[in-house]
Trainee: 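Quick one: structure below, then a few questions.
By convention in this document, chain letters (A, B, ...) are assigned in the order of the sequence lines, proteins followed by strands, and residues within each chain are numbered from 1. Quantities reported herein were computed from a predicted structural model and do not represent experimental measurements.
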There are 2 protein chains.
Amino acid sequence: MTEKQQSIVNSALKLFADKGFDAVPTSAIAKDAGVSEGLIFRHFQNKVGLLNAIMQMGKEKIADNVSEILALNTPEARVTAIMEIPFYIAEEDYPFWKLVYSLKWQNDYYDDEMSKPMKDILISALVEMKYIDAESEADLILSYLDGFATTILLKGEVVDKNKLLQTLRKKYK
Amino acid sequence: MTEKQQSIVNSALKLFADKGFDAVPTSAIAKDAGVSEGLIFRHFQNKVGLLNAIMQMGKEKIADNVSEILALNTPEARVTAIMEIPFYIAEEDYPFWKLVYSLKWQNDYYDDEMSKPMKDILISALVEMKYIDAESEADLILSYLDGFATTILLKGEVVDKNKLLQTLRKKYK
DNA sequence: ATATTAAGTGAGTAATTACTTATTATTTAG
DNA sequence: CTAAATAATAAGTAATTACTCACTTAATAT
């Protein structure tokens with residue numbers, strides 16, 4: 001990855017997250033990145049190729065999180081760790097997650113694989129915890145997750161994250 | 001509203017919900033609606049005007065829901081009614097809600113007013129129920145709401161809605 | 001009946017879009 | 001040190017886009 005390649009990825013991620021993939025022309029990306037428009041196509045073939053490269057890089061980061069959670073000893077610890085993920089998304093990762101969530105709603109580019117590993121961990125942890133219907137419970141928790149992520153990513157500073165997290169923990173004691 | 005006007009709105013809503021506002025050209029809307037492209041601009045001024053008209057119509061429908069919930073006697077009934085909203089979205093309203101949720105992620109068109117009335121009802125109900133921190137609790141519930149709506153609208157038939165609803169109710173007894 | 005307004009069309013248009021190509025600068029390898 | 005490979009650019013291009021305009025058709029009011 002050259003410096004300019006990285007610059008393209010950074011700008012594209014920022015703009016895609018902000019305005020949506022389809023609303024951002026490659027000319028705007030090039031301008032923001034301070035490179036010629038042609039360079040985008042030299043390195044990423046086409047606009048979707050650029051999107052895929054961004055998603056790929058994000059997925060690799062996620063893989064790290066997954067293995068961290070898997071390293072936790074008890075199934076309880078693993079479940080709560082997953083439930084609290086949205087509260088600990090680093091500010092620098094906001095654009096990536098915003099992009100992921102915005103793409104969910106656009107038929108053409110949606111990639112379902114994203115939440116699959118989390119669901120697998122959840123189910124096996126819940127089975128270990130003797131839940132009767134582990135899959136429904138996992139779906140419930142994943143729904144919560146989507147909701148918290150949405151609130152935190154969109155409302156940002158408007159909502160008091162700590163208070164929200166406290167309220168959630170009280171409920172799940 | 002003439003027949004063709006309605007046809008334009010129907011096609012636009014369907015396509016916007018499916019592919020995202022920016023990904024749908026007015027030419028595609030006209031084609032799908034079986035009208036000339038010019039007619040869109042005659043009736044709605046511009047593409048954003050068409051979007052606004054769709055949102056306005058949706059908001060009026062929501063207003064009906066809000067007054068139905070307000071009519072419930074106990075605060076408990078009002079809170080649970082709100083929490084279960086996503087499970088009772090009519091199939092025909094899916095496109096509208098998909099559009100609302102997809103627009104949330106696009107800086108330019110997002111309209112926050114949508115969830116405001118629901119939050120107000122929630123807070124006053126929770127205050128009535130003597131909750132210490134009604135606003136945090138309301139934010140928590142609204143986060144759930146977003147999560148359930150996301151799951152139901154996107155996964156559709158993949159997730160067992162009834163089982164999920166059951167699991168939710170058990171948790172909130 | 002006729003005049004006025006509104007609904008609807010179809011062929012434009014200027015600007016923008018994703019992408020290409022010919023060319024030049026910069027690395028890297030032997 | 002030089003040649004081959006790669007990085008980068010600038011100036012295109014064909015297709016598409018949102019929107020306009022001159023016009024025809026249908027509805028409504030007097």
Trainee: Using whole Å, what does the distance between atom P of nucleotide D:dA18 and atom CG of B:Leu39 come to?
Mentor: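 These atoms are roughly 16 Å apart.
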Trainee: Check the distance between C:dA6's P and B:Met1's CE and give it to me in whole angstrom.
Mentor: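 The distance from CE of B:Met1 to P of C:dA6 comes to 18 Å, rounded to the nearest Å.
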Trainee: Does any donor atom in the side chain of B:Gln6 or B:Asn10 lie under 3.5 Å from an acceptor atom in the other side chain?
Mentor: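 Looking only at side-chain atoms, B:Asn10 and B:Gln6 do form a donor-acceptor pair, the distance falling under 3.5 Å.
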Trainee: In terms of side-chain heavy atoms, does A:Asp32 have a donor or acceptor partner in A:Ser11 at a distance below 3.5 Å?
Mentor: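 Distance-only check passes for A:Asp32 and A:Ser11.
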Trainee: Got a list of side-chain donor-acceptor pairs under 3.5 Å for residues 48-59 of chain B, not counting sequence neighbours?
Mentor:
from: B:Asn52; atom 1: ND2; to: B:Val48; atom 2: O; distance (Å): 3.4
from: B:Gln56; atom 1: NE2; to: B:Glu60; atom 2: OE2; distance (Å): 3.4
from: B:Lys59; atom 1: NZ; to: B:Asp111; atom 2: OD2; distance (Å): 2.6

Trainee: For A:Phe96, what residues pass the ring-ring contact (aromatic ring centres under 6.0 Å, His included) criterion, not counting sequence neighbours?
Mentor: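 For A:Phe96 there are no ring-ring contact (aromatic ring centres under 6.0 Å, His included) partners, ignoring immediate neighbours.
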Trainee: Where along nucleotides 15-22 of chain C does protein come under 4.0 Å, by heavy atom, of base (B) or sugar-phosphate alone (S), with - for untouched nucleotides?
Mentor: --SBBB--
Trainee: Starting at atom CD of A:Gln5, determine the distance to atom P of D:dT9, rounded to an integer number of angstrom.
Mentor: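 Answer to the nearest Å: 12 Å.
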Trainee: Considering only residues two or more places apart or on different chains, which pairs with a residue in residues 25-79 of chain B satisfy ring pair (Phe, Tyr, Trp, His ring centres under 6.0 Å)?
Mentor: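 Residue pairs passing ring pair (Phe, Tyr, Trp, His ring centres under 6.0 Å), neighbours aside: none found.
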Trainee: Using only side-chain N and O atoms of A:His43, determine if any of them is under 4.0 Å from OP1 or OP2 of D:dT6.
Mentor: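 The answer is no; no side-chain N or O of A:His43 sits under 4.0 Å from OP1 or OP2.
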Trainee: Over all heavy atoms of both residues, which pair between B:Arg78 and B:Ile121 is shortest? Give the atoms and the distance, please.
Mentor: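 The answer is CD-CG2, 4.4 Å.
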Trainee: From the set D:dA7, C:dA7, C:dT9, return the single nucleotide nearest to any side-chain atom of A:Thr2.
Mentor: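 Closest of the options to the side chain of A:Thr2: D:dA7.
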Trainee: Between B:Trp105 and A:Tyr101, what is the ring plane arrangement, given parallel below 30°, perpendicular above 60°, and tilted in between?
Mentor: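 Rings of B:Trp105 and A:Tyr101: parallel, as their planes differ by under 30°.
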Trainee: Which atom pairs link the protein and nucleotides 24-29 of chain C when you take only N or O atoms and keep those under 3.5 Å?
Mentor:
none

Trainee: To the nearest angstrom, how far is B:Gln6 atom CD from C:dA7 atom C1'?
Mentor: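 Interatomic distance, CD of B:Gln6 to C1' of C:dA7: 16 Å.
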Trainee: What is the distance, to the nearest angstrom, from the CZ atom on B:Phe44 to the P atom on C:dG8?
Mentor: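 Atom-to-atom, B:Phe44 to C:dG8, this comes out as 10 Å.
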Trainee: According to ring-ring contact (aromatic ring centres under 6.0 Å, His included), who are the partners of B:Phe21, at least two apart in sequence or on a separate chain?
Mentor: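 Scan of B:Phe21 (ring-ring contact (aromatic ring centres under 6.0 Å, His included), adjacent residues dropped) gives B:Phe16, B:Tyr109.
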